[in-house]
Novice: 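Structure incoming, see below.
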Amino acid sequence: MIAKFEKEGNQNVNASSNQKDTFTAADWSNMSNKEKSDILMNYRLAYRSIAYVNWCEALGTILANDEVKDGVSERGGFPVERKAMEQWSLRTTAYAERLLTGLDQVDWSEALKGIQRNWIGRSEGATAFFQLDGHDEQIEIFTTRPDTIFGATFMVLAPEHDLIDKITTPEQKAKINAYLEYVGSRSELQRQSDVKNITGEFTGAYAINPIKGDKIPIWIAEYVLKDYGSGAIMAVPSDDERDQAFARHFGLDIVSVVDKADYPNADVHDKSGIMINSGFINGMEVKEAIQAVIQKLEELGVGHRTINYKLRDANFSRQRYWGEPFPVVYDTEGVAHLVDEAQLPVELPPLDDFKPTKDGKAPLAKVEDWVYADGRRREVDTMPGFAGSSWYFLRYMDPDNDDEFVSQKAVNYWQDVDLYIGGTEHAVGHLLYSRTWHKFFYDLGLVPTEEPFKKLVNQGMIGGRSNFIYRANEKFAEQLLEKELKKISTTFEKDTIIGEGEEAFKVDFACDKIKLAIELKSLYDLERYKDKHKQTLNEAGYHLLPISIEEVFAHYHEFDFIINKIKKASNGEIVPLNRNVRDTALFVSKDMIEDRSAVTKLYVDVNIVYNDVLDLAKFEKSRTDFANPVYILNDNGDYVCSHAFEKMSKSKFNVVNPDDMVEEYGADCFRMYEMFLGPIEQGKPWNTEGINGVQGFLKKFWALFYHHQDAWMVTNEKATKDEMKVVHTCIKRVNEDIERFSFNTCVSEFMKCANELRKLNCHKKEALEPLVVLLAPFAPHLAEELWHELGNEQTVFDADFPSHDEQYLVENSITYPISVNGKKRALFDFPVDASKDDIEKTALELEAIQKYIEGKTIRKVIVVPKKMVNIVV
RNA sequence: GCGGGUAUGGUGGAAUUGGUAGACACGCUAGACUUAGGAUCUAGUGCCGUGAGGCGUGGGGGUUCGACUCCCUCUACCCGCACCA
């Protein structure tokens, strides 16, 4: 194979050759792993290819995918175009299989492995070639169900498929072009979100089934993706939901080929059933038929077994300044060469302006004397972040080595990373790339292990805890007014029609007796509404009292004001509109809401909410848009907010800055509180209620050493047995909990220990010193300071980490819970060495137990030594 | 739809091997000290019930002397992927 390569060359594989002979994806996928790695070893992992970038003309920059939202830049909303550029790619696909099987060897969460498996997306099946009727070309398809080839009643190409133009018949041309235009008009987002809508068009062309031999129509449709498989499928409507929906929609044939009568609960993915209507494979089980068809395809030379992967080669170029420059120069022919070893490492030239060039080239292109330093043209793209992040841990093993990236001695000693703590957000980026990279190093014999990260723990994501306030809306004002009107008069009717015919209109409240109509609207609306129905009102003999919603809210707590207005109006007085209440909003405490639909939920800055109670003064200061707020507070006089767990985001007003917390509580306290929140792998909202508890602990711990600020209290007295027991219990548990990454319970243990030592009034060095070392990983600053105060010269981090001494933990009696029928009824202390019989006898005689067993037959007494007693009656 | 996960007091959570459910904190209640308190200390705090007592780990069922823990089943929510041939 290498010989073949030497001879024929390949532009995609050999970076240092400009020969243009091609080498197909199919050739590559048919090679064994050995052949692939040989090629990669000899011809490098990286190659040049055309890749697309998100170019934003207005911003003059290339954007990452997540900086593009709905086809425009997230920042500014400027148009973004896909721009083709020749870039470096990394042949990660060569490692697809090993990346997949390697997952079985690592101790990672199933979730993370699942994401990687899914991303690699292995599927086993067959490639088959369908001869075009009346053309020389064939259409390559991939299928996981070659057994259903007799049920293929049509073919579908992706709208981007190369052959469409060629095969479309003149009669269908217009329709096909119209369809392609429709597809082109749809954004990636639309195509993805609108999957139920069935669209497609017939090309007019036919293909010949390589096994069955019949002619089937070729369609194009959006549901076939250009990037998966070969961008074309044989459609088997009987055994594929999407094909079936398509066939039904366009009235295409459906031929049943799998009899699933024996498997009533199986779905398509189970690959079970008996073949029917399928020529030579009739009567075979599906799994058997798959093999038989693949064999037949190979015999006929029209297909072969294929393993397909979703994984794509990684784009290894960035048009940014910050990144490792490539050690590559181009000759006059444009062929890439490695720079001479003597010139390594290639360093970034200084630059002030980090924007790309006007035509979208990387910023380094602007530094001409660097680019053409030795006459040849340097590569101006830089490497992506994962170039360095894929192997930095190897460099850490031997950071001062000037000759190699890591010495064999060092790497054989350290091997790989024992424990990696990181988030799932790197699942298909960094964590996949470094595995690829490591395997490449392994193949080169540079590292002794195939997997870089043996064990990986995902820390949970700390989300934002949003707070909400409730602003009363129009409905609220209506309900309120209605209620208050009923108190003064029963003659007001809600939603009364005034006038007749076309002139008729509805007012919110009206009293026929005194001919008063009341319209409730926002001030803004009322100003426009005022004279609208004047004539109709006059004809009907009504006069109108406009009341603004703002006014109702403003006088919520002195509603008589509104009532008086109504009374005045009832007496025929003209009551003018009050414009001073503009911008008045009424906020209802969460626990005072009666009708959820009468209030609008709004985000409020979490930094002015304490334990879900809104700080009203800060609120009024921070939100000028609610200038004159009125509140409905609860019985305690508090405004209570509701809350929700969401991602932190500025628009949600739920972003908390850890710097503020560190400023207020100190880094030790912040660090410990993060640990105390709960299990490390569990995500949860960021919530600072409770940090006081950790702060309290640190103060208590400090108080074991110091009285007030400065009175040192630690003595050299010998610690008592009780004190040592407390200390060693803590040492034991903290050590065990660290082993299982249960840092929250470590913090609890420290708290318990400090509480108990305080009760024992213990200020003895013998007891406290080991605790300081134990605490060092949790509260490093405090521990280091106390460690020095205790008279130690070296840093606390060089001290031996304490381990417990069993002699302090020996118990001479154990408290047994004594249950009757599994319910705990009494507690009793027994000596450690009490015999089962003694325990049973004593337990049965206990007064507290007698009560429950009196007059009942004792069926069984279970005594579990050192645990419990259960009496079954 | 597929894959992974979670569910325990008012709140965060603990219970390591099937053996005292609610450790440790927050919050809350009462009290002490204080000019003051977002300080400190003391006591109480799963729910129902005046009480005896009963109930209780998302719902239902099972195994067991004994289930937060094991099995079956259902529900809700979270995360990831998704027209993947």
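Residue numbers start from 1 in every chain, and the chains themselves are labelled A, B, ... in the order their sequence lines are given, proteins ahead of strands. When reading the values below, keep in mind they use all heavy atoms of this one structure, side chains included, and skip hydrogens, waters and symmetry mates.
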Novice: Kindly indicate whether the side chain of E664(A) and the base of rG38(B) share any N or O donor-acceptor pair separated by less than 3.5 Å?
Specialist: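 Yes, the side chain and the base share a sub-3.5 Å donor-acceptor pair.
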
Novice: Assess the pair Y673(A) and Y665(A): is the distance between their ring centroids shorter than 6.0 Å?
Specialist: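 Centroid distance Y673(A)-Y665(A): not below 6.0 Å, so no.
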
Novice: Is there a side-chain contact between L844(A) and E840(A) in this structure, where contact means two heavy atoms from C-beta onward sitting under 4.5 Å apart?
Specialist: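 Side-chain contact under 4.5 Å: yes.
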
Novice: Of the nucleotides rC65(B), rC26(B), rU16(B), which has the atom closest to the E689(A) side chain?
Specialist: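 Taking heavy atoms from C-beta onward, the closest nucleotide is rC26(B).
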
Novice: Go through rC24(B), rG4(B), rC83(B) for me and flag the one nearest to the M751(A) side chain.
Specialist: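 In terms of side-chain proximity for M751(A), the closest of rC24(B), rG4(B), rC83(B) is rC24(B).
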
Novice: Are R758(A) and E756(A) close enough for a salt bridge, meaning some N to O gap below 4.0 Å?
Specialist: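 Result for this pair is no, no salt bridge flagged.
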
Novice: Looking at rG4(B), I'd like to know if its phosphate oxygens (OP1 or OP2) sit under 4.0 Å from a side-chain N or O belonging to R117(A).
Specialist: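 It does not, given that no N or O in the side chain of R117(A) lies less than 4.0 Å from OP1 or OP2 of rG4(B).
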
Novice: Among rU20(B), rU16(B), rC83(B), which is the nearest nucleotide to the side chain of R733(A)?
Specialist: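 Nucleotide nearest to R733(A)'s side chain: rU16(B).
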
Novice: Answer yes or no: side-chain N or O of N118(A) and base N or O of rC81(B) forming a donor-acceptor pair under 3.5 Å.
Specialist: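 Checked by distance alone, the answer is no.
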
Novice: If you assign each of N870(A) and T745(A) to its closest nucleotide in RNA chain B, which residue comes earlier from the 5' end?
Specialist: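 Nearest nucleotide further toward 5': that of T745(A).
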
Novice: Name the closest nucleotide to the N744(A) side chain, picking from rA85(B), rC83(B), rG13(B).
Specialist: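 The listed nucleotide nearest to N744(A)'s side chain is rG13(B).
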
Novice: Tell me if the aromatic rings of W108(A) and Y420(A) count as close, with their centers under 6.0 Å from one another.
Specialist: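 Ring centroids of W108(A) and Y420(A) are no less than 6.0 Å from each other.
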
Novice: Among rA25(B), rG13(B), rU16(B), find the nucleotide with the atom closest to the side chain of Q682(A).
Specialist: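 Closest nucleotide among those given: rG13(B).
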
Novice: Judged by each residue's nearest nucleotide on RNA chain B, which is more toward the 5′ side, S742(A) or L677(A)?
Specialist: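 By nearest-heavy-atom nucleotide position, the 5'-most residue is L677(A).
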
Novice: Could you give the distance separating rG51(B) and rA7(B) at their P atoms, to the nearest angstrom?
Specialist: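 These two P atoms come out 33 Å apart once rounded.
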
Novice: Nearest to the F676(A) side chain among rU42(B), rA25(B), rA23(B), which nucleotide is it?
Specialist: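 The nucleotide sitting nearest to the side chain is rA25(B).
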
Novice: Is K752(A) close enough to rA14(B) that one of its side-chain N or O atoms is under 4.0 Å from OP1 or OP2 there?
Specialist: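 No, no such contact exists.
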
Novice: So if I take every side-chain heavy atom of R740(A) and compare against rC84(B), rG13(B), rU16(B), which nucleotide ends up nearest?
Specialist: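 The listed nucleotide nearest to R740(A)'s side chain is rU16(B).
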
Novice: Could you give the CD1-to-P distance, from I862(A) to rG19(B), as a whole number of Å?
Specialist: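 Spelled out: CD1 on I862(A) to P on rG19(B) is 14 Å.
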
Novice: Can you tell which of rG19(B), rC24(B), rC84(B) lies closest to the side chain of K310(A)?
Specialist: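 Out of rG19(B), rC24(B), rC84(B), the nucleotide with an atom closest to K310(A)'s side chain is rC84(B).
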
Novice: Can a donor-acceptor pair be found between the side chains of N458(A) and T424(A) at a distance below 3.5 Å?
Specialist: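 Judged by distance alone, the side chains do not pair up.
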
Novice: Quick one: F697(A) CZ to rG12(B) P, roughly how many Å, whole number?
Specialist: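 So the CZ-P distance, F697(A) to rG12(B), works out to 23 Å.
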
Novice: Could you please name the option among rA25(B), rG4(B), rG13(B) that lies closest to any side-chain atom of E110(A)?
Specialist: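 Within the option list, the nearest is rG4(B).
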
Novice: Taking the side chain of K699(A) as heavy atoms from C-beta outward, which of rU16(B), rU40(B), rA85(B) is closest to it?
Specialist: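 Comparing rU16(B), rU40(B), rA85(B) against the side chain of K699(A), the answer is rU40(B).
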
